[in-house]
Amino acid sequence: MSADITVSIAGDERSVPAGTTAADLFGDDRVVVVARVDGQLRDLAGPLPDGAVVEPVTIDSEDGLNVLRHSTAHVLAQAVQQVNPEAKLGIGPPIRDGFYYDFDVDRPFDPDQLKALEKVMQRIINEGQTFQRREVEDDEARQELADEPYKLELIGLKGGSAEDSAEGASVEVGGSQLTIYDNVRRDGDRAWGDLCRGPHLPSTKLIGNAFKLIRSGGAYWRGSEKNPQLQRIYGTAWPSKAELKAYVERLAEAERRDHRKLGAELDLYSFPDELGSGLPVFHPKGGVIKREMEDYVRRRHIEEGFDYVGTPHISKDGLFHTSGHLPYYADTMFPGMELEGAQYRLKAMNCPMHNLIFSSRGRSYRELPLRFFEFGSVYRYEKSGVVHGLTRVRGMTQDDSHSYVTAEQAPDEIKHLLGFVLSLLRDFGLDDFYLELSTRETEGEKAAKFIGSNEQWEEATRILEQAALDTGLELVADPGGAAFYGPKISVQAKDAIGRTWQLSTIQYDFNQPARFGLEYQAADGTRKQPVMIHSAKFGSIERFIGVLVEHYAGAFPPWLSPVQVLGVPVADEFADYLQDVLGQLRAKGIRVELDASDDRFPKKIRNASKSKVPFVLIAGDEDRSAGAVSFRYRDGSQKNGVPVAEAITEIVEAVESRQQV
RNA sequence: GCCGACGUGGCGCAAUUGGUAGCGCACCUGUCUUGUAAACAGGUGGUUAGGGGUUCGAGUCCCCUCGUCGGCUCCA
């Protein structure tokens, strides 16, 4: 054991005694939680091989956070089995901002149990138990985990294709060597153990008190509804209490912005039970936002060479057989209704009807690209458990377009569409994007749902990918996420508090033109099939309104605000004067309101503030005698004694330039 | 669709072991009204989501339906 080995630390070659561990190298530094040894994450306690390249991994790095959260998940599982030895273990991987662990238990967890489990976890953490790695043979593991049916199943999967294992399963058994992690008390007692690939924190102590159990819910074993349902507990863990607090505050902020709550408070829309689940109605104020959006988006489409068209909400079902939507997607369409011997269906997508407009007469290559656009109302029978506010509804308005182009024109058309949708999103105040390229599933049972030849898919995917790369935006692959008729690019936008939303989609479709027999006459007199490019800019108007409500927390930029200017007289006497100013604004197309209620001034200010109107104009004696008004902005700041003409200019300019104030 | 929780006037909430449904805001009426987040007083409004059952008696207990919330699955 006296022989030295050489290890390389941050580029520095060092000679150390054989058996040296990463803990020996970095142990003094408490923020180092694991080591990257020759590119692999390892426990600090493992002896280093000769010639190893070793890097410290700190708890606040991405890898470090994952280890922290994975170890916290283990402590949760330990606590659950301590309280209920009958609980069977599923998997417990780290996820974004936290972790979960799945359990098979007789009774689902309730919030009180989560609180109690936190306490049990805290005791384990305070004990400073160490995670000790132990390599085991498959048979050994099977014996040791005889009471853990799910773990046994994972052992059986080991080495299987990644597709077969559930998300997170690799955290438990990845690689060929099985390992069990024992949680060992300071006196050497083994408190608990779990099949796990690791690595783990050196000690539970490092979790400190910066963790929290968030919620619980059902989750299918290995992500398939054919499997039994386990009970999942979600939690979060951070390097410090302060970071945990900041995270909890972020969750609270998201709750404050919830578009369902703000929609009711601001009187924008509602979801009457009488209509049915997932069917929103827009109140006058929400109607203003919807109309402003639609007006602007319609105008921009026309400027960009689209033709505005219109189609009905319902049609005979043969159309959807032609398009290929039926029978594949029958379960997400509302059931048919029989009329005069024909089955009618509510429209779930606009493209088939646009195809009929295309084929309503002979088309020439001179007409292409031909771009049809509309706000198409579609109805989808979303499963009862997924309907959610405005973001997942059963009746919605798509800002949908279909470009019919020659195969040669397709790349340019896609670039044009991408540039267009990005510019539209920027106009609405979203400017942090990345793109996702959704392609078909090539293996497994899902592969069958995609129609078309390999060549067609490859060609379409290549064209989309190139257009996406040309934007210079980050591009993320999404295998298996394509529509059945072709690959798609989607635009993911980050909102004001960092959440991403899938908004625009652009899809390349070689299937429907063939199915509908679409053709145009080319310059050489032959008949050719156009390529069809689907594009939704906001996805659905309803959903986008929901996203904007959360993005702006209800404080819309003036051009979208239902009420743009609210007049608040200091006393009744000044109402007429203010009304006159508002009249001048109204003449310029500004949406104004006067608070002529018999509330007193401070109450009117409070109401104005709660309504989130961008410009509150106040007038009292001083303003009136100076021919001026005073501004109160949403942040509470003021600007007093502004000459009326100046005030009008400021407001009109803010609205016209679509800026936020 | 699956697992769980929940459903009380427009909104937010109360209602001891089953024993005559309350409060705040909003709304209406009146008095009041001068400078930046709540003047005062009075009043209207609920067959406790809907239906069925247990009970002398149900907002409270049981069943069904609808809806909401949190997960899972799904999302052309």
Side-chain angles (χ1 to χ4, degrees), chain A residues 100 102 105 107-111 167 214-234 258 260-261 264-265 267 270-279 320 323-326 328-333 348-352 378 380-389 391-393 398 438 449-451 481-486 488 502 505 507 509 511-512 534 536 539-540 543 568-575 597-611 616 618-624 630-633 636-641:
Chain A
Y100 66 79
D102 289 343
V105 284
R107 290 194 172 282
F109 300 99
D110 63 42
E167 171 210 2
I214 305 284
R215 61 173 64 92
S216 61
Y220 296 111
W221 168 238
R222 295 178 59 207
S224 168
E225 58 189 329
K226 295 184 186 106
N227 288 338
Q229 201 159 48
L230 307 183
Q231 293 301 319
R232 176 170 298 177
I233 295 178
Y234 284 95
D258 191 314
R260 295 165 298 187
K261 185 170 156 264
E265 278 172 17
D267 197 12
S270 60
F271 305 86
D273 287 359
E274 293 85 339
L275 288 186
S277 186
L279 299 168
F320 301 114
S323 68
H325 291 99
L326 282 174
Y328 290 138
Y329 290 96
D331 56 345
T332 34
M333 290 180 73
M349 65 298 296
N350 301 300
C351 32
V378 298
R380 296 177 180 181
Y381 178 56
E382 300 286 3
K383 287 191 287 185
S384 59
V386 306
V387 172
H388 181 97
T391 56
R392 196 78 180 271
V393 293
Q398 285 189 317
S438 300
K449 89 170 199 188
F450 300 96
I451 58 180
F484 71 91
Y485 49 74
K488 76 174 178 202
Q502 178 182 314
T505 58
Q507 291 169 275
D509 184 353
N511 277 303
Q512 284 201 46
H534 307 241
S540 92
R543 181 161 183 276
V568 179
V570 167
D572 256 0
E573 190 196 333
F574 310 104
S597 71
D598 55 7
D599 287 327
R600 289 152 111 116
F601 186 66
K603 181 59 179 289
K604 290 188 180 189
I605 293 295
R606 177 181 158 85
N607 286 342
S609 189
K610 291 208 316 185
S611 72
V616 175
I618 293 161
D621 203 15
E622 290 168 33
D623 296 293
R624 184 173 60 182
S630 295
F631 279 84
R632 184 180 203 278
Y633 301 97
S637 65
Q638 323 166 26
K639 192 157 70 179
N640 296 331

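In what follows, every chain begins at residue 1, and chains take the letters A, B, ... in the order their sequences are listed. FYI, side chains are in, hydrogens and waters are out, and symmetry mates aren't considered; it's all heavy atoms of this structure.
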#### Entry: Distance, rounded to the nearest Å, where Arg606(A) contributes CZ and U33(B) contributes P
23 Å
#### Entry: Distance in angstrom units between Arg215(A) CZ and G4(B) P, rounded
18 Å
### Task
Provide, to the nearest angstrom, the distance between the CD atom belonging to Glu274(A) and the P atom belonging to G67(B).
12 Å
### Query
For the residue pair Asn511(A) and Tyr485(A), what are the closest heavy atoms and their distance?
ND2-O, 3.0 Å
### Task
Find out whether Tyr329(A) and Met349(A) are in side-chain contact, i.e. whether some heavy atom of one side chain is under 4.5 Å from a heavy atom of the other.
no
### Query
Which whole number of Å gives the distance between the C1' atom of C72(B) and that of U55(B)?
40 Å
### Message
As a test of reading the structure: which of G1(B), U36(B), A76(B) is closest to the side chain of Tyr329(A), going by heavy atoms?
### Response
A76(B)
### Task
Quote, to the nearest angstrom, the C1' distance that separates C11(B) from A26(B).
7 Å
### Task
Pick base, sugar-phosphate or nothing for Gln507(A), based on heavy-atom distances below 4.0 Å to the nucleic acid.
sugar-phosphate
### Query
Phe574(A) near the nucleic acid: base, sugar-phosphate alone, or nothing, with a heavy-atom cut-off under 4.0 Å?
base
### Query
Between Asp599(A) (CG) and U36(B) (C1'), how many Å, whole number?
15 Å
### Task
Can you measure from CG (Leu326(A)) to CG (Asp331(A)) and round to the nearest 0.5 angstrom?
10.0 Å
### Integer angstrom distance from the C1' of G9(B) to that of G59(B)
14 Å
#### Entry: Between G18(B) and A58(B) - P atom distance, rounded Å
13 Å
### Query
Between the side-chain atoms of Asp331(A) and the base atoms of G1(B), is any donor-acceptor pair under 3.5 Å?
no
### Arg624(A) NZ/CZ over Phe574(A) ring centroid, <6.0 Å and within 45° of normal
no
### Message
Counting distance alone, no hydrogens or angles: does the base of C32(B) have a donor or acceptor under 3.5 Å from a partner atom on the side chain of Arg600(A)?
### Response
yes
### Query
At under 4.0 Å between heavy atoms, what does Asp572(A) touch on the DNA or RNA strands: base, sugar-phosphate, or nothing?
base
### U54(B) - base-pair partner by Watson-Crick or wobble geometry, distances under 3.5 Å
none
#### Entry: Per Ala348(A) side chain, nearest of listed nucleotides U68(B), A76(B), G35(B)
A76(B)
### Message
Does G70(B) have its OP1 or OP2 closer than 4.0 Å to a side-chain nitrogen or oxygen of His388(A)?
### Response
yes
### Query
Does A41(B) have a Watson-Crick or wobble mate here (both distances under 3.5 Å), and if so which one?
U29(B)
### Query
For C72(B), does either OP1 or OP2 sit under 4.0 Å from a side-chain N or O belonging to Tyr234(A)?
yes
### Task
Name the nucleic acid region contacted by Asn607(A), choosing base, sugar-phosphate or nothing; use a 4.0 angstrom heavy-atom cut-off, strictly under.
nothing
#### Entry: Nucleotide nearest His325(A) when distance is taken to its side chain, options A76(B), A37(B), C3(B)
A76(B)
## Note on the structure
Output for pair (Tyr220(A) OH, Asn227(A) CG), nearest 0.5 Å, gives 10.0 Å
### Query
If you pin Ser630(A) and Gln502(A) to their nearest nucleotides in RNA chain B, which one's is more 5'?
Ser630(A)
### Query
What distance, rounded to whole Å, do you find between the two C1' atoms, one in U17(B) and one in U73(B)?
42 Å
### Task
May I ask which nucleotide in the shown strands pairs with U60(B), Watson-Crick or G-U wobble, both distances under 3.5 Å?
none
### Task
Give a yes/no on whether any side-chain N or O of Tyr381(A) is located under 4.0 angstrom from OP1 or OP2 of G1(B).
yes
### Task
Among C72(B), A76(B), G67(B), find the nucleotide with the atom closest to the side chain of Asp273(A).
G67(B)
### Query
Does a side-chain N or O from Lys488(A) land closer than 4.0 Å to OP1 or OP2 of A76(B), or not?
yes
### Task
Taking atom P in both U48(B) and C61(B), compute the distance separating them and give it to the nearest angstrom.
15 Å
### Message
Using a 4.0 Å heavy-atom cut-off, does Phe631(A) contact any base of the nucleic acid, only the sugar-phosphate backbone, or nothing at all?
### Response
nothing
### Message
Between C23(B) and G51(B), how far apart are the two C1' atoms, rounded to whole Å?
### Response
30 Å
### Summary
Heavy-atom closest pair (Gln507(A) atom, Gly486(A) atom, distance to 0.1 Å) is NE2-O, 4.4 Å
### Message
Side-chain N or O of Ser384(A) versus OP1/OP2 of G1(B): is the shortest distance under 4.0 Å?
### Response
yes
### Query
Is C72(B) paired to anything, Watson-Crick or G-U wobble with both distances less than 3.5 Å, and if yes, which nucleotide?
G1(B)
### Message
Between G53(B) and G57(B), how far apart are the two C1' atoms, rounded to whole Å?
### Response
15 Å
### Task
Have a look at Thr332(A) and say if it touches a base, only the backbone sugar-phosphate, or nothing, with a 4.0 Å heavy-atom cut-off.
base
### Query
Roughly, in whole Å, what's the span from NZ in Lys604(A) to P in A38(B)?
15 Å
### Euclidean distance, atom CG of residue Leu275(A) to atom P of C66(B) [Å, nearest integer]
16 Å
#### Entry: Base paired to U34(B) (Watson-Crick or G-U; both N/O distances under 3.5 angstrom)
none
### Message
Taking 4.0 Å as the cut-off, does a side-chain nitrogen or oxygen of Lys603(A) come that near to OP1 or OP2 on A26(B)?
### Response
yes
### Query
Looking at Arg632(A), does any N or O in its side chain come under 4.0 Å of the phosphate oxygens OP1/OP2 on A37(B)?
yes
### Separation of C28(B) C1' from Asp598(A) CG (nearest whole Å)
11 Å
#### Entry: Watson-Crick or G-U counterpart of C66(B), or none if no pair lies under 3.5 Å
G7(B)
### Task
Map Gly278(A) and Ala219(A) onto RNA chain B by nearest heavy atom, then report which one ends up closer to the 5' terminus.
Gly278(A)
### Query
Does C23(B) have a Watson-Crick or wobble partner in any strand here, with both distances under 3.5 angstrom, and which is it?
G12(B)
#### Entry: Separation between OH of Tyr328(A) and OG of Ser323(A), rounded to the nearest 0.5 Å
11.0 Å
### Query
Which part of the nucleic acid does Ser277(A) contact within heavy-atom distance under 4.0 Å: base, sugar-phosphate only, or nothing?
sugar-phosphate
### Task
Could you tell me whether Tyr485(A) contacts a base, only the sugar-phosphate backbone, or nothing, with contacts defined as non-hydrogen atoms closer than 4.0 Å?
sugar-phosphate
### Query
Using a cut-off of 4.0 Å on non-hydrogen atoms, how would the nucleic acid contact of Glu265(A) be classed: base, sugar-phosphate, or nothing?
nothing
### Task
May I ask you to decide if the ring planes of Phe320(A) and His325(A) are parallel, tilted or perpendicular, using 30° and 60° as cut-offs?
perpendicular
### Query
Which is true for Arg260(A) with a 4.0 Å heavy-atom rule: it touches a base, it touches only sugar-phosphate, or it touches nothing?
sugar-phosphate
#### Entry: Distance, nearest 0.5 Å, that separates CG of Asp598(A) from NZ of Lys604(A)
8.0 Å
### Query
If we call it a pair only when both distances are under 3.5 Å in a Watson-Crick or G-U wobble match, what pairs with U47(B)?
none
### Task
State whether the distance check finds a donor on one side and an acceptor on the other, under 3.5 Å, for side chain Glu225(A) versus base C2(B).
no
### Separation of atom CD in Glu622(A) from atom P in U34(B), rounded to whole Å
14 Å
### Query
Is there a side chain to side chain contact (heavy atoms under 4.5 Å, CB included) between Ser277(A) and Glu382(A) once you walk through the steps?
CA-CA 9 Å; Ser277(A) 186; Glu382(A) 300 286 3; over 6 Å; no
